[in-house]
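Below is one structure, written out as structure tokens; comments come after it.
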There are 2 protein chains.
Amino acid sequence: MGRGKIEIKRIENTTNRQVTYSKRRTGIVKKAKELTVLCDAEVSLIMFSSTGKLSEYISPSTTTKRLYDQYQQVTGTNLWNSHYEKLQESLKKQKEINMRLRKEIRQRIGEGVDDMSFDDLRGLEQDLDTSVKIVRDRKYHMIATQTETYRKKEARGEDPYYEEDYESILAMSNSGAQILSYRLQPHQRNQEEEGYGSYNLRI
Amino acid sequence: MGRGKIEIKRIENTTNRQVTYSKRRTGIVKKAKELTVLCDAEVSLIMFSSTGKLSEYISPSTTTKRLYDQYQQVTGTNLWNSHYEKLQESLKKQKEINMRLRKEIRQRIGEGVDDMSFDDLRGLEQDLDTSVKIVRDRKYHMIATQTETYRKKEARGEDPYYEEDYESILAMSNSGAQILSYRLQPHQRNQEEEGYGSYNLRI
DNA sequence: ATGTCTATTTATAACCC
DNA sequence: TGGGTTATAAATAGACA
């Protein structure tokens, strides 16, 4: 191939190795092209240099993906299987989490209370009490704040009803979107869909 | 390449085409091997003849699948995605659902209450009241039932403390497993034991 | 890293088995 | 198909820009 026979053995000098790679890469790609045209073949050639640089050639009549699908069919080995399995596992996990979340919500709503132990009941009751207290406090706070605003406006001589009436002030940030989904669709609790969600969230 | 310059153009004669394919296939595979050894590269070469016959070369240091995984990483194109669009979609959906469920639980606990509208707050409060009522009723029912059992035992002259004391009767079906996962986080329970009586106040 | 030059080695087209 | 043989075209190692 050049000035003197060479032996096919790893070129230790990094620079030379890269130079040779560059030249031979061009050569092999040319061969692949020729094979494609001359023999009407379909060729996929993927190369990583020792520095990790990628080069590829794919016959213009096809795509890498299509050719690999064919490859799989012929060889029987399913390259995507492992990916598929991972996805499925993920999905399963998500469904389990979903189930748990649903169960927790159901219990918080008061369903299935008959199957709970006394201690759990007491715990749940306490939790609910705490929550309801938080919500109520927030509600009171909102009322207080809005009343304050109303009074200030009035004090400044503005018409407090200028833009909105008192009721609408209270109702103000009624963000169209319902927040508790179960309240939106009472029937929904039957079994929404498959439930996967997240992996390790803490509630 | 032989007796007279040839032009790179599809060989129309099928037999000749196959002969040429066969010879050149050998040649290109040799080149791939040389590139692998000489330049320490990783090469995947897949070829389909015009008759559909598959030939491949893969550098011994890797596997077709591994090399293709690398290929995907570098190119960004995900060859498998299109195969599993449905699965992937499913997964996405599940994650969204879980997100919603988590959000709902968080709200039922009383988190994020500051971002809710007044109406939503009122709705949530009602829901929580209802739930706590259900739970409390069930608790009372259990107490009543157990007290009943206790009395009956006593009436029959049995020692009601024979196996368990009164407390443990109440605590009975304490099913080791925690039911509400969020309760596992201890700090959340700190503010308990308060106004049971005010849980159903309404403005 | 890429392109050019050149001596030499390789690949291979055409042919035959 | 696959293996030889051989004349010739192609590829390329080494050197340098």
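Just so you know, these numbers come straight off a predicted model, no measurement behind them. We name chains A, B, ... by the order of the sequence lines, and we start the count at 1 in each one.
Rounded to whole Å, the distance from CZ on B/Arg25 to P on C/dT12 is 12 Å. Counting to the nearest Å, the C1' atom of C/dA11 and the OH atom of B/Tyr21 are 17 Å from each other.
Taking 4.0 angstrom as the limit, B/Lys5 places none of its side-chain polar atoms (N or O) nearer than this to OP1 or OP2 of D/dA10. Proximity of A/Ser22 to the phosphate of C/dA1: no side-chain N or O atom is located under 4.0 Å from OP1 or OP2. Regarding contacts with the backbone of C/dT12, a side-chain N or O of A/Lys31 is found under 4.0 angstrom from either OP1 or OP2.
Residue-level contact check: B/Thr26 touches neither bases nor backbone, having no heavy atom under 4.0 Å from any strand.
Two residues are said to be in side-chain contact when any heavy atoms from C-beta on lie closer than 4.5 Å; B/Leu54 and A/Gln70 fail this criterion. Counting only heavy atoms from C-beta outward, the side chains of B/Ile46 and A/Tyr68 approach each other to under 4.5 Å.
Between B/Cys39 and the choices A/Asn16, A/Thr20, A/Val19, the side-chain contact (heavy atoms from CB on, under 4.5 Å) rule is met once, by A/Thr20. None of B/Thr130, B/Val135, B/Asp137 except one satisfies the side-chain contact (heavy atoms from CB on, under 4.5 Å) rule with B/Lys133; the exception is B/Asp137.
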task: Just do the side chain to side chain contact (heavy atoms under 4.5 Å, CB included) check on B/Arg17 and B/Ser49 with the steps written out, would you?
output: CA-CA 9 Å; B/Arg17 196 198 306 143; B/Ser49 75; over 6 Å; no
- request: Evaluate the criterion side chain to side chain contact (heavy atoms under 4.5 Å, CB included) for residue pair B/Tyr71 and A/Thr64; output intermediate values, then yes/no.
  value: CA-CA 10 Å; B/Tyr71 172 83; A/Thr64 302; 3.5 Å; yes
task: Decide yes or no on side chain to side chain contact (heavy atoms under 4.5 Å, CB included) for A/Glu125 and A/Asp129, but give the supporting numbers first.
output: CA-CA 6 Å; A/Glu125 186 190 12; A/Asp129 271 335; 4.0 Å; yes
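Of the candidate nucleotides C/dT10, D/dA13, C/dA13, C/dA13 has the atom nearest to the side chain of B/Thr20. Residue B/Glu34 places its side chain closer to C/dA11 than to any other of D/dA10, C/dA11, C/dT12.
Within 6.0 Å of CD on A/Gln88 lie more than 12 heavy atoms contributed by other residues, nucleotides or ligands. More than 12 heavy atoms of other residues, nucleotides or ligands lie within 6.0 Å of CD in A/Glu12, so this atom counts as buried by the packing criterion.
Within residues 10-19 of chain B, no residue has a heavy atom under 4.0 Å from DNA chain C.
For the helix from C/dT2-D/dA17 to C/dC17-D/dG2, the terminal axes (five pairs an end, C1' atoms, rotation from four pairs onto the next four) enclose an angle of 50°, given to 10 degrees.
The CD atom of A/Glu85 lies 12.0 Å from the NZ atom of A/Lys92; values are rounded to the nearest 0.5 Å. Between A/Ile134 atom CD1 and A/Arg138 atom CZ the span is 12.5 Å, to the nearest 0.5 Å.
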What nitrogen or oxygen pairs link the protein and nucleotides 3-6 of chain D at under 3.5 Å?
residue : atom : partner : partner atom : Å
D/dT6   : O2   : B/Arg3  : NH2          : 3.2

